[in-house]
Amino acid sequence: MIPILNQFVYFAFFQALFLLILFCASDKKRQRINVYLFILVVLLMVGLLSKIGHFAWNWQRQLKGVSEFSILFFGPTVYLFVQSTLSGKRFSGFDVVHYVPGVVYSLIVTFYYIIPSQEVIAERVGSGELFRVVHILVGLGLTVNISYFVLSVLKFNKLKKALQEQASYLLNIAFVRNFLIAIGICLSIWLAVYLISFSTYSQLEIVSREFIWLAVALIVLFIAYYQMVAPSIFWFSQFQEPIKYTRSKFSTADLDRLKLELDEIMVRKKPYLNAKLLKSELAELMDINAPELSRLLNERVGMSFFEYVNYHRIHEFIRLTKTPNAQQKTLLGLAQEAGFNSKSTFNKSFKQIMSCPPSYYLKKSQ
């Protein structure tokens, strides 16, 4: 298994290197790419480089110790990446605060492990001091990273609802959810290995430690996959947390009139066919602002923007299934033609609105 794992780590490392080259390929990409993604890929690559250096070039401890620098930078970067992906928040000076523990940790590793002579390190190993300090440092790293992982999940749940209020598609949400699952698996493996290290089964710890590298490599390949199939996910988005509307100037009669106007626009212009329709774009068609559209949907429709747009897409899909060319297309093809860009979103929305899966509905209606 170990030779296969080594080859897998090699592959993931060069994938990370390719991603960094791709991100820096042009001025346009450098301006649009999410800077936290860039930092995250660098951190993952540094970790993989340490593993490669160990089994390929027999690196000394000083060089291997450099990879430890990335440990406490990992969690904060994941958190800031999740936040920026869903809210479009760019790098700010305050974000540097999240990296202070990583800087302190790196200084400790430098002065305790990298700088001292081999004789000093051997003495610390012999007395068991190094073993105890390493356990403390690894425990600290796990605590910080798990804490930031929990914060990332909480931020995801908060911004997911905000994003649904602004956009009619959930590609970013699906990616971040899967990304957090991958990070959770990686941290779980790391925690399990840490707990095993306290046991008397030293050989089991050595074997299980390899799975940490496997998890890191899989995260790199996960990012590389999305870079191929949906690169726009890694660009700074235009989404922002919705502004709570205050009581607008519209009267009851105005809202009734706007509801009729909205219905006419949805029938005549079919803006929902735009797979990436934003609330601000629909509001612009009505010559009102997004908060006012929120009030209209809330008080006259009883749906969120996301639900309302997908309601029309579902009925467009049903209409398309009755056209002469429907037999030549798949259900997903028809759903995409109706404005959906995600199979999971289509299936979930269809079940919510029609109370059954699309395949069952079509079979029943024949």
Side-chain angles (χ1 to χ4, degrees), residues 5 8-9 12-13 15-16 19 34 36-51 54 64-86 95 98-106 108-109 133-160 173-199 201 204-226:
L5 174 63
F8 191 72
V9 169
F13 171 79
Q15 281 291 315
L19 284 172
N34 189 323
Y36 300 113
L37 174 70
F38 186 88
I39 295 173
L40 182 62
V41 173
V42 169
L43 294 175
L44 294 171
M45 191 176 73
V46 168
L48 292 175
L49 181 61
S50 170
K51 178 63 176 175
H54 175 66
K64 289 190 291 183
V66 172
S67 68
E68 297 293 317
F69 293 171
S70 65
I71 289 180
L72 260 69
F73 292 118
F74 180 73
T77 303
V78 168
Y79 170 76
L80 293 170
F81 174 60
V82 168
Q83 177 179 256
S84 61
T85 300
L86 294 180
D95 293 340
H98 294 284
Y99 291 111
V100 170
V103 173
V104 174
Y105 183 88
S106 300
I108 293 173
V109 170
V133 171
V134 167
H135 268 76
I136 292 173
L137 292 177
V138 173
L140 176 62
L142 266 171
T143 301
V144 170
N145 284 314
I146 291 175
S147 298
Y148 269 102
F149 173 74
V150 172
L151 289 175
S152 299
V153 172
L154 294 175
K155 179 65 71 172
F156 168 73
N157 290 331
K158 177 183 177 182
L159 293 178
K160 177 176 69 173
I173 289 179
F175 163 74
V176 174
R177 181 185 62 244
N178 295 336
F179 174 75
L180 287 174
I181 291 173
I183 297 297
I185 293 173
C186 182
L187 290 175
S188 298
I189 293 173
W190 188 7
L191 177 60
V193 172
Y194 180 65
L195 295 177
I196 290 173
S197 69
F198 287 97
S199 69
Y201 303 101
L204 178 60
E205 180 198 356
I206 293 173
V207 174
S208 60
R209 197 183 301 157
E210 299 299 323
F211 286 94
I212 297 179
W213 300 110
L214 177 63
V216 171
L218 286 174
I219 293 174
V220 172
L221 296 180
F222 175 85
I223 294 173
Y225 168 76
Y226 270 94

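Just so you know, these numbers use all the heavy atoms, side chains as well, and skip hydrogens, waters and symmetry mates. If you read the sequence from its start, that first residue is 1, and numbering goes on from there. Treat the numbers as computed from the prediction; the structure is a model and nothing was measured.
- A pairwise comparison of heavy atoms in Ser84 and Asn34 identifies OG-ND2, 2.7 Å as the closest pair.
- The heavy-atom pair separating Ser152 from Val82 by the smallest distance is O-CG1, 3.9 Å.
- Not a single ring pair (Phe, Tyr, Trp, His ring centres under 6.0 Å) links Phe13 to another residue, sequence neighbours left out.
- Heavy atoms only, all atoms of each residue included: Leu48 and Ala217 are closest at CD2-N, 4.3 Å.
- The two residues Ile219 and Cys186 come nearest to each other via the heavy atoms CD1-CB, 3.8 Å.
- Considering OG1 of Thr85 and CG of Leu37, their distance stands at 7.5 Å, rounded to 0.5 Å.
- At least one donor-acceptor pair under 3.5 Å links the side chain of Tyr194 to the backbone N or O of His135.
- By the 4.5 Å heavy-atom criterion applied to side chains, Phe81 and Ile39 are not counted as neighbours.
- Closest non-hydrogen pair, Ser70 versus Leu43, comes out as CB-CD2, 3.6 Å.
- No hydrogens or angles considered: nothing links the side chains of Thr77 and Tyr148 as a donor-acceptor pair under 3.5 Å.
- Residues Tyr99 and Pro76 approach most closely at CE2-CB, 4.2 Å, considering heavy atoms.
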| request: Could you walk me through whether Trp190 and Leu142 pass the side-chain contact (heavy atoms from CB on, under 4.5 Å) test, one step at a time? | output: CA-CA 8 Å; Trp190 188 7; Leu142 266 171; 3.6 Å; yes
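- The ring pair (Phe, Tyr, Trp, His ring centres under 6.0 Å) test with His98 is passed by exactly one of Tyr36, Phe74, Tyr79, Phe73: Tyr79.
- Atom CG of Leu140 is separated from atom CG of Leu72 by 5.5 Å, given to the nearest 0.5 angstrom.
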| Stepwise side-chain contact (heavy atoms from CB on, under 4.5 Å) test for Ile223 and Leu44 | CA-CA 11 Å; Ile223 294 173; Leu44 294 171; 4.2 Å; yes
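- Note: Leu137 CG to Ile71 CD1 = 8.5 Å, rounded to the nearest 0.5 Å.
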Side-chain polar contacts of residues 173-182 - donor-acceptor pairs under 3.5 angstrom, sequence neighbours left out - could you list them?
residue	atom	partner	partner atom	Å
Asn178	ND2	Ala174	O	3.2
Asn178	ND2	Tyr226	OH	3.1

